[in-house]
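Step one of this worksheet: look at the structure below.
Since we're looking at a predicted model, the values are computed, not measured. Just so you know, these numbers use all the heavy atoms, side chains as well, and skip hydrogens, waters and symmetry mates.
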Amino acid sequence: MSRSRRHDDTKSTRVEITDGIVAQALARAACAKDSKALYDYYDTSQRYLILRQCGRRVGWFVRAQGQMKRIGNAKREPGDEQFLTVKQARDKGGERFYAMRSRRRPSARGWTWADLDHEFQASRQVKRKKGKRVKLSAPSTRKDIMGCFNKPQLAAWKSKKLFDLTDVDLIELLDLIHVERGHGACCKALAWVRAALTWARSERTIESGLVGVVPWWKEIKPPQPTADEIDEMEKRDREFNAAREAFTVDALGKLLVVHEQYCASRTGNQKVSPAVRAGLWWLAFTANRKFTCSQLKRDNLKYEDPLNPHSTAAQPWGTAEWPAEGVKNKRRFMLPIPPFLLHIVRCCARDFEVIVSRKRGLRTTSEWMFASSRRKGRSNHPDNPDPGLYPSSLNAHLRAMGGRKKNSKGEYTENYLDGVPRFWPHLVRTVATDFIKAHPDKVPGAAVSAMLGHVLPRDRNDADDEMSEVTREFYLTSQEMLLKTQAMKFWSDAVLDAYVRAGGTLPMPHEFDKDHTEKLHWPVPRLPHVARPQRRQLVSEPRRERGSRPTAHRGKRQRRQGRLRRA
């Protein structure tokens, strides 16, 4: 048939394409007798999108630059991978339309991967607006991107133009990362490469050189894990489930006792830093994520809270606060701190100052409450003169105590946690939740969510920024501090009681401070009293009157009776 004949047989209408229009086109196709008769539905919102019924077939088309490109089928058939719903057709049609329409390329042909790496990381250091939400810059996200893009496997991409990258390049990169670093690193690399390329195409289209480029990277999937990796995943799941059932508050008390003994026994280069020592105490007592100690600034920890009902002059409670950009749910977070934990962080700060003054010759402090004592030799972060506690340091410390970390000779260390169930830092949240929820008569369920940093349904629309600075500084209303105090009081008392029952004593500073040789200048917390079992007397002696003296032959008579009984 000639081109003019086909045009004469084509009928069309311009409507908003909906599911009803698709059903109408499918009904027309079911009744069609002429396989060459065409009926086109032109969309009113996306004018380049066409739903075409040709005989018994119904398909999606895009028209641009005098061309018609088929993008999928509107009739669902079993096993048809080309089937598109209305929403899918609109999304894919927009991508294909701009790819067909935009033929002009920037003169410089856009960014290289090194340019994208720099610009994408810079964009994550400031506030961004996504829809109606304002997304804050998160330090954990920036570290995650930096660690992903600094992989040596991505070094070969630095000089490549983004426009020249293909799906083959990405697949080869993922296979290389999978072989050298594992399946988890491979999935994370794919996620951030996708995010960076999508950001460049949507927000820096002309500068990046991705004008008219179809986002092919969205279709790439990570490779399947190997059989050994699947076995390792299943093994970790079994270990975690077993640890979750076996690990209780009593086991946490034993762990803290071993932790204190281990830290006290390390000397020289094997010495445990004050931040790691105090960090494990902090996680055990707060039952929160590791960011609460790795990102806690000294100015955000108040050692007195007059509004706390349990706070006294001899045993004061404090308050810790974290800004929204450092919290996972991006909401400002506050937490009441019990007296024992305030004592721990004060010991940490004192030991840190002594260690740093010994290295530098002068006494100095840090903006971080849990600061790294390694002030020099940080080749990976030369521009960070004041590093805080690295989150993975706590995991490494637990592996060292559990005999799962190799020393300089390549040998595994001694297992000091023999008899204690396996423990992960995040496991303490589960243990605390199970323990508190087992006592609903003492602590309400909402208090557990508030303490763990979960947003309560009634607080999702609270505007923290509209409150006064004084209210936000001391006792933010939407923070549910009264509920948090109930949960923190009940949980911290249980942990401290388990620690004392396991044989624990009051932790004290490890470093000798020549500038402060006197007693501690802060309130010392009181440990709970644990009843000691009384010694049982084997032979009952008659009670003698006060002031009387025992007879001289009593000991001989008892010995003689004992010999007779043994005979």
Side-chain angles (χ1 to χ4, degrees), residues 252-253 256 259-260 263 273-322 333-354 365-371 388-389 394 428 432 450-453 473-476 479 481-500 504-511 513 516 518-528:
L252 185 59
L256 293 174
H259 165 67
E260 272 299 298
C263 293
S273 70
V276 172
R277 179 197 176 197
L280 188 58
W281 279 104
W282 183 275
L283 292 183
F285 272 76
T286 63
N288 265 272
R289 297 181 177 91
K290 288 186 288 187
F291 83 88
T292 54
C293 56
S294 62
Q295 299 183 27
L296 177 61
K297 294 187 176 181
R298 294 196 178 203
D299 293 340
N300 291 338
L301 178 62
K302 310 301 179 185
Y303 291 95
E304 293 182 1
D305 185 3
L307 298 179
N308 193 302
H310 302 290
S311 184
T312 62
Q315 298 291 299
W317 280 62
T319 304
E321 181 181 1
W322 294 264
F333 183 59
M334 295 177 67
L335 197 65
I337 308 301
F340 184 86
L341 205 51
L342 293 179
H343 170 75
I344 293 293
V345 297
R346 278 169 161 154
C347 292
C348 173
R350 181 166 176 172
D351 284 344
F352 167 79
E353 294 177 8
V354 174
T365 58
S366 169
E367 69 168 338
W368 304 106
M369 193 67 256
F370 299 87
L389 173 65
L394 295 175
V428 69
M451 185 184 78
L452 298 181
E473 184 74 14
F474 291 98
Y475 232 71
L476 192 62
Q479 290 291 331
M481 290 294 283
L482 293 178
L483 282 176
K484 291 178 182 178
T485 301
Q486 294 182 47
M488 281 293 296
K489 171 68 174 171
F490 187 68
W491 170 247
S492 61
D493 287 349
V495 175
L496 189 56
D497 187 64
Y499 169 72
V500 175
T505 58
L506 181 65
M508 299 297 286
H510 282 177
E511 303 296 332
D513 190 356
H516 300 281
E518 67 279 2
K519 296 182 179 179
L520 302 181
H521 59 275
W522 60 77
V524 178
R526 290 192 296 264
L527 297 182

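Geometrically, R298 does not engage F370 in a cation-pi contact, judged by NZ or CZ lying under 6.0 Å from the ring centre and within 45° of the ring axis.
Remark: the S311 side chain and the D305 side chain contain no N/O donor-acceptor pair separated by less than 3.5 Å. Between the side chains of T292 and W282, at least one donor-acceptor pair of N or O atoms lies under 3.5 Å.
Ionic pairing of E511 and R277 is not present here: no N-O contact between side-chain nitrogen and carboxylate oxygen is shorter than 4.0 angstrom. Between E321 and K297 no salt bridge is recorded (no basic side-chain N to carboxylate O distance below 4.0 Å).
Every residue was checked against the side chain to side chain donor-acceptor pair (under 3.5 Å) condition with W491, not counting sequence neighbours, and none meets it.
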Stepwise side chain to side chain contact (heavy atoms under 4.5 Å, CB included) test for L283 and N288: CA-CA 6 Å; L283 292 183; N288 265 272; 5.8 Å; no
Derivation of the side chain to side chain contact (heavy atoms under 4.5 Å, CB included) call for K489 and W317: CA-CA 10 Å; K489 171 68 174 171; W317 280 62; 3.9 Å; yes
Audit row: W368, L389, side chain to side chain contact (heavy atoms under 4.5 Å, CB included) steps and yes/no: CA-CA 8 Å; W368 304 106; L389 173 65; over 6 Å; no
Test log, rule side chain to side chain contact (heavy atoms under 4.5 Å, CB included), inputs W322 and M334: CA-CA 6 Å; W322 294 264; M334 295 177 67; over 6 Å; no
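The minimum heavy-atom distance linking L342 with V345 is given by the pair O-CG2, 3.1 Å. The two atoms that bring P338 and F285 nearest to each other are CG-CD2, 4.5 Å, heavy atoms only.
Between the side chain of E260 and the backbone N or O of L506 there is no donor-acceptor pair closer than 3.5 Å.
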